[in-house]
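Just so we're on the same page: letters track the sequence lines, and every chain starts at 1.
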2 protein chains.
Amino acid sequence: MQSSDSPARLFAALGDPTRLGLIARLADGKARSIAQMGEPLPISRQALAKHLDVLLGVGLVRRTRVGREARFVMEPEAIHAARDWLDAVSAQWDGTLGRLKAFVEEGG
Amino acid sequence: MQSSDSPARLFAALGDPTRLGLIARLADGKARSIAQMGEPLPISRQALAKHLDVLLGVGLVRRTRVGREARFVMEPEAIHAARDWLDAVSAQWDGTLGRLKAFVEEGG
DNA sequence: CATATATGCAATCTCCAGGTTGCATATTGT
DNA sequence: ACAATATGCAACCTGGAGATTGCATATATG
């Protein structure tokens, strides 16, 4: 696990419709091979493999070899990391807004 | 509000270290001009303006003209939209059905 | 063993994101 | 009016993302 570089890389990995769709499909917890993942997609197998490599690089999925297949499962911790970053930003916004309200209340 | 296209565009907007830094700074709720935002950054003013345009395009910031200045404020609703997407994925994973499927698929 | 299946590796192509420079426009200040 | 400030607009350059094709390798199956 050397992927906790910066949240930007994580968001960048999610910032592609194909990859986002892969994550959405893998969210059911099922492990899928590359061929299975690519079955409904209009792109080549190699393009798909690259996308999965990107997701792997930021820790959003985990790879397991089963025979000649490479099965991919979602890794929810990376999702949590991204969500935590957004929560922090959101919390800071809500906090400062609360302080602004307090100021208005006090100052009149 | 025509920005609720797909979450991928939102994540893509966040998937750049410069833009992520801008959002982090704007999370305090203060409105800042382009010159103010660019003061600590090692990039040109035009590059910064493009980044702010990207954030504007997905609804992450709001622009207000004050005299000759263009002030930017964060728009927390877009942050919430991104967080909600991650929550949905996470919730699906955490569901018992998803975990059971994962166990069956992996463990055999 | 021979063959089909599933994936890995590598070279290549194209396009656009992110950056720059130069000039134009609008607003403030003297 | 004139100069300084703040931004907008446009052309341009470059590296890398996303895709392709072709070939190599490993595993299952007859």
Side-chain angles (χ1 to χ4, degrees), chain A residues 3 5-26 30-73 78, chain B residues 3 5-26 30-73 78 82 105-106 108:
Chain A
S3 58
D5 190 308
S6 87
R9 294 188 57 215
L10 200 50
F11 287 123
L14 294 169
D16 176 276
T18 300
R19 287 195 292 266
L20 209 59
L22 294 177
I23 291 293
R25 283 177 64 200
L26 286 171
K30 281 188 183 176
R32 290 173 176 83
S33 70
I34 297 184
Q36 285 175 332
M37 293 296 294
E39 179 252 325
L41 296 179
I43 61 177
S44 70
R45 176 181 53 83
Q46 288 78 355
L48 171 60
K50 285 190 186 179
H51 281 301
L52 287 169
D53 256 2
V54 172
L55 296 178
L56 200 64
V58 298
L60 274 164
V61 299
R62 183 160 39 94
R63 172 186 251 145
T64 315
R65 283 223 80 110
V66 178
R68 60 184 164 187
E69 291 186 349
R71 299 216 176 137
F72 289 85
V73 234
Chain B
S3 59
D5 190 308
S6 86
R9 294 188 56 215
L10 199 51
F11 288 122
L14 293 170
D16 176 277
T18 300
R19 288 194 292 267
L20 209 59
L22 294 177
I23 291 294
R25 283 177 62 198
L26 286 171
K30 285 186 181 175
R32 290 175 175 82
S33 70
I34 296 183
Q36 285 176 330
M37 293 295 295
E39 179 253 324
L41 295 180
I43 60 176
S44 70
R45 176 181 54 82
Q46 287 80 356
L48 171 60
K50 284 190 186 179
H51 281 300
L52 287 168
D53 256 2
V54 173
L55 295 177
L56 200 63
V58 298
L60 274 165
V61 299
R62 185 160 37 94
R63 172 185 250 146
T64 315
R65 282 223 80 111
V66 178
R68 62 185 161 186
E69 291 186 349
R71 300 217 176 136
F72 290 84
V73 232
E105 290 289 323
E106 278 195 51

Over how many whole Å does the gap from [X] atom [atom1] to [N] atom [atom2] extend?
X       : N      : atom1 : atom2 : value
A/Ile43 : D/dA17 : CD1   : C1'   : 13 Å
A/Arg32 : C/dA6  : CZ    : P     : 16 Å
A/Leu41 : D/dT20 : CG    : C1'   : 16 Å
A/Arg19 : D/dG18 : CZ    : C1'   : 9 Å
A/Asp16 : D/dG16 : CG    : C1'   : 14 Å
B/Leu20 : C/dG18 : CG    : P     : 13 Å
B/Glu39 : D/dT5  : CD    : C1'   : 16 Å
B/Leu14 : C/dG18 : CG    : P     : 12 Å

* To do: Apply the test side-chain contact (heavy atoms from CB on, under 4.5 Å) to residues A/Leu10 and B/Phe11: give CA-CA distance (whole Å), side-chain angles for both, the deciding distance (0.1 Å), then the verdict.
  => CA-CA 9 Å; A/Leu10 200 50; B/Phe11 288 122; over 6 Å; no
Heavy atoms only: give me the nearest [X]-[Y] pair and the separation to one decimal.
X       : Y       : result
A/Ala13 : A/Val58 : CB-CG2, 3.6 Å
B/Pro17 : A/Ala8  : N-CB, 3.7 Å
A/Ala31 : A/Gln36 : O-OE1, 4.1 Å
A/Arg19 : A/Ala12 : NH2-O, 3.3 Å
A/Gly57 : A/Arg9  : O-NH2, 4.1 Å

* To do: Show your working on side-chain contact (heavy atoms from CB on, under 4.5 Å) between A/Leu48 and A/Leu22 and close with a plain yes or no.
  => CA-CA 9 Å; A/Leu48 171 60; A/Leu22 294 177; 3.8 Å; yes
Result block: side-chain N/O donor-acceptor pairs under 3.5 angstrom for residues 61-70 of chain B, not counting sequence neighbours:
unit_1, atom_1, unit_2, atom_2, d
B/Arg62, NE, B/Glu75, OE1, 3.0
B/Arg65, NH2, B/Arg68, O, 3.2
B/Glu69, OE1, B/Arg71, NE, 3.1
B/Glu69, OE1, B/Arg71, NH2, 3.2

* Asked: A/Ser44 side chain N/O closer than 4.0 Å to the phosphate oxygens (OP1, OP2) of D/dA19?
  ->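 Result: no.
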* Asked: Has B/His51 got a side-chain N or O lying under 4.0 Å from the OP1 or OP2 atom of C/dG19?
  ->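 So the side chain of B/His51 is within the cut-off, an N or O lying under 4.0 Å from OP1 or OP2 of C/dG19.
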* 5'-most by nearest nucleotide on DNA chain D - A/Val66 or A/Val54 ->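 So the residue in question is A/Val54.
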* **Contact pattern, 5' to 3', of nucleotides 6-11 of chain D - B, S or - by protein heavy atom under 4.0 Å** => SBBB--
* Mind grabbing the angle between the end helix axes of the helix from C/dC1-D/dG30 to C/dT30-D/dA1? Five pairs an end, 10° rounding. =>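 Answer for the end axes of this duplex: 20°.
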* Asked: Can any side-chain N or O of B/Arg32 pair as donor or acceptor with the backbone N or O of B/Met37 at less than 3.5 Å?
  ->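 No: the side chain of B/Arg32 does not pair with the backbone of B/Met37.
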